[in-house]
Amino acid sequence: MPVGSSAAKMFQKTIHHVVRGDEDILIFEFADHTHEQEIRKNIEDALEIAKSANAAKSSFLSNMSHDIRTPMNVITGLSKLMEHELDNPAKMQEYIGKIQTSSSHLLGLINDVLDMSKIESGETRLNIEKFNLIHQIEEISMLIRQQTVEHGQQFDTYISDIEHKNVEGDALRVRQVFLNILGNAVKYTPDGGKISFTVTEEPCFAESCAKYRFVITDNGIGMKQDYMEHIFEPFSRQENSVTNRVQGTGLGMAITKNIVDMMGGTIHVDSAEGKGSSFEVILEFRIEREAEQDTRTLSEYANNETIENEILKGKRFLCAEDNELNAEILRALLEMEGASCEICTNGVEIVERFTEIGPDEFDMILMDVQMPLMNGYEATRAIRRSKNPLGKSIPIVAMTANAFADDIQQSMDAGMNEHISKPMDLQRLKKVVAKLVQK
Ligand code: ADP
C-alpha cells in the first residue's frame, strides 16, 4: 500500500500483526520503492512512445500512398489521354501543363519525405559556411516575388538595422526555412492579398554572435486556434475547403521546425482564422569578421540574378550519365536550347575522354554522381588532378538525384563548382552557366 512520497522518494508501508503470548505486536515496515517506481514509469513511457511511433508509421503509410497516388494518377491518366489527342495541340498543351504540375508536386513530396526521414534519424548535419545574410534574404525574396506576382499579391521585404551582414551558418537550410514559410504565405493567401517579410537584428548577449528576428505575415486564410498546436507535426494539415484544393503534404512546417531547432533558434506562430498568420523565427549566427566589406546594394544583387534566356546557345557540354533514358532527355533538352553535348556512360570513360580534350572543345562538364566503374566524385578528383592543364579550370557541375545539403557539400569537397539536382531544371542550368562560363 503506497502511502505517499517525499519530493523524489516512493515508500511502501506494510503493517504486520504478531501475537506473542498475550501481547499484540504491530510492526510497521517501510520499504523504499523509488527505484521500482522509476523503472515502471520508464517502461510505461517507452510503451507510449512505441505506440505513438507505430501510429505515426501507419498514418505515414496511408498518407504516402494517398499523396503519391494522386499526382501519379494525373500523370498516368493524362499520358493515356494524350495518345488520343495527338492532333489537338491545344488539348496537348493543357495536358502537358497538368502533367508538369503533378510531376513537380510529386518531386517536392519525395524530397520532403526523404528530408524529413534524414532529419528524424539524426543523419542531417548543418553545413556551416560563411555567407552574406542580406544576399540570402534578397535571393529568397526574389524567388517568392515571382510567385506573388502570379497571384497579384503585394509582397514587401523590410530589412532594417542589420549591423552584421556576414555570418557563419547553413545558408541552404536558412533558405529552406524561409522558402517554406513564405511559400505557405503565398499558398494560403488569396489572390490580391498582402505578404511581408521583415528582418531585424536584435541585441545579442554573446559578443561573437548576432541575433536576428525574421517575421513573415500574411492576410490570408489563417488557422484555427486548435490546429496551431499541431502545425509542426509531420503530415498535419488544417482541413478546410482551401487547403483541400491547395497542394501540400503537411511536411513543410515539420521540416522547418526541425531545422530551426537544429540551429538553436525558435519559431512561433500567431494566426486568426480568416484574418491571416504571422510566423516569427529567431536565429543566432556567429559573426564572420574577416569577410570583405560587401557594398553592393539590394538592387545590384537583383540585377545579378537576371539571366539571359539564350545563354545555353552554342555552349558545349561534356557529360557523364549512365542511364540511357536520362542521357536521351539531357541531350534533347540541351539541343532544344541550341547547345551541344557529348555523353560518356561512366566515370572512367569521362576521365579518359577528358585527358585528350583541347582548350576550345567544351565549356563545362555535367557530372552524374552515381555511376558504374567510377562515381562522379572520384571522376571529378581525377579530372582535377589530370595532366591536361584544363583540369584545374574547367567548370564541373554535379547533376545528381542526391539533392540534400550533405550531397552538395560532398560535390564541393570533390572539386565541383556547383550542384544541379535531378530532374534537371533548365532555368537552374542557365543560372549556373551564367555564373561559371565566360561569355
Ligand atoms: P502543406 O504542404 O500542407 O502546406 P505545411 O507543413 O507547410 O504543409 O503546413 C501545414 C499546414 O499548416 C498547412 O496545410 C496549412 O493548413 C497550415 N498553414 C501553414 N502556413 C499557413 C499560412 N501562412 N496560413 C494559413 N495556414 C497555414
Side-chain angles (χ1 to χ4, degrees), residues 56 59-60 62-71 74 101-120 124 140-141 143-145 147-148 150-151 153-157 173-198 214-262 266-281:
S59 98
F60 170 83
S62 81
N63 273 310
M64 281 309 290
S65 76
H66 169 263
D67 288 359
I68 289 177
R69 263 169 213 283
T70 312
V74 177
T101 310
S102 292
S103 328
S104 70
H105 173 62
L106 193 57
L107 182 66
L109 173 68
I110 292 168
N111 281 340
D112 279 356
V113 169
L114 294 178
D115 207 10
M116 190 72 220
S117 81
K118 266 196 148 182
I119 289 174
E120 286 201 327
T124 304
I140 294 164
S141 299
L143 291 171
I144 293 299
R145 189 158 295 119
Q147 300 177 24
T148 54
E150 281 167 29
H151 293 276
Q153 293 156 332
Q154 182 182 331
F155 175 55
D156 299 302
T157 304
R173 292 292 186 183
V174 168
R175 187 190 268 252
Q176 190 179 5
V177 162
F178 295 113
L179 285 179
N180 276 350
I181 303 175
L182 283 160
N184 277 349
V186 175
K187 283 202 301 191
Y188 301 113
T189 300
D191 289 3
K194 257 171 104 169
I195 296 162
S196 69
F197 183 23
T198 308
F214 304 84
V215 180
I216 290 116
T217 20
D218 65 62
N219 64 352
I221 63 166
M223 283 168 263
K224 286 200 179 79
Q225 225 49 34
D226 56 355
Y227 172 70
M228 274 157 55
E229 291 164 23
H230 302 283
I231 184 169
F232 298 121
E233 290 167 12
F235 292 109
S236 77
R237 301 194 79 200
Q238 175 170 251
E239 294 294 317
N240 62 35
S241 59
V242 178
T243 37
N244 291 346
R245 274 183 286 116
V246 174
Q247 285 194 326
T249 58
L251 283 173
M253 286 299 101
I255 292 174
T256 299
K257 169 86 168 88
N258 272 290
I259 298 175
V260 170
D261 286 349
M262 267 196 302
T266 57
I267 177 164
H268 287 110
V269 192
D270 203 5
S271 188
E273 206 181 13
K275 296 216 166 80
S277 310
S278 176
F279 288 76
E280 183 204 60
V281 177

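Both counts, for ligands and for their atoms, begin at 1 and track the order of listing. Heavy atoms only: backbone and side chains are in, while hydrogens, waters and symmetry mates are out.
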Audit row: Met223, Val269, side chain to side chain contact (heavy atoms under 4.5 Å, CB included) steps and yes/no: CA-CA 10 Å; Met223 283 168 263; Val269 192; 4.0 Å; yes
Shortest heavy-atom approach to atom 3 (O) of ligand 1 - which of Met228, Glu273, Arg237: Arg237
Donor-acceptor contact below 3.5 Å, side chain Gln153 vs main chain Val186: yes
Ala254 N/O under 3.5 Å from ligand 1 N/O: no
Gly220 to ligand 1, any heavy atom closer than 4.0 Å: no
Derivation of the side chain to side chain contact (heavy atoms under 4.5 Å, CB included) call for His151 and Thr189: CA-CA 9 Å; His151 293 276; Thr189 300; over 6 Å; no
Ligand 1 contacted by Phe279 (non-hydrogen, < 4.0 Å): yes
Donor-acceptor contact below 3.5 Å, side chain Ser102 vs main chain Val74: no
Residue Gly252 vicinity, atoms of ligand 1 by number, heavy atom under 4.0 Å: 5 (P), 6 (O), 7 (O)
Part of Ser236 with heavy atoms under 4.0 Å of ligand 1, whether side chain, backbone, both or neither: backbone
Distance-only N or O hit between ligand 1 and Gly250, under 3.5 Å: yes
Heavy-atom proximity to atom 20 (N) of ligand 1, best of Asn180, Asn184, Ile255: Asn184
Residue selection (non-hydrogen contact nearest atom 16 (O) of ligand 1) among Gln238, Glu233, Lys257: Gln238
Enumerated ligand 1 atoms positioned under 4.0 Å from heavy atoms of Ile231: 12 (O), 19 (C)
Distance filter under 4.0 Å to Met253 heavy atoms, resulting ligand 1 atoms: 5 (P), 6 (O), 7 (O), 9 (O)
Atom pair CD1/OG1 of Ile119 and Thr256 - distance to nearest 0.5 Å: 8.5 Å
Closest non-hydrogen atom pair, Arg237 against Gly250: CG-CA, 3.8 Å
CA sep, side-chain torsions, deciding dist, call: Phe197, Ile181, side chain to side chain contact (heavy atoms under 4.5 Å, CB included): CA-CA 10 Å; Phe197 183 23; Ile181 303 175; over 6 Å; no
Side-chain donor/acceptor of Asp218 to backbone N/O of Ser277, under 3.5 Å: yes
Residue Leu251 vicinity, atoms of ligand 1 by number, heavy atom under 4.0 Å: 6 (O), 8 (O)
For atom 12 (O) of ligand 1, the option (of Tyr227, Tyr188, Phe232) bearing the nearest heavy atom: Tyr227
Verdict with supporting geometry, Asn180 and Met253, side chain to side chain contact (heavy atoms under 4.5 Å, CB included): CA-CA 7 Å; Asn180 276 350; Met253 286 299 101; 4.2 Å; yes
Element-labelled atoms of ligand 1 that are located less than 4.0 Å from some non-hydrogen atom of Lys187: 1 (P), 2 (O), 4 (O)
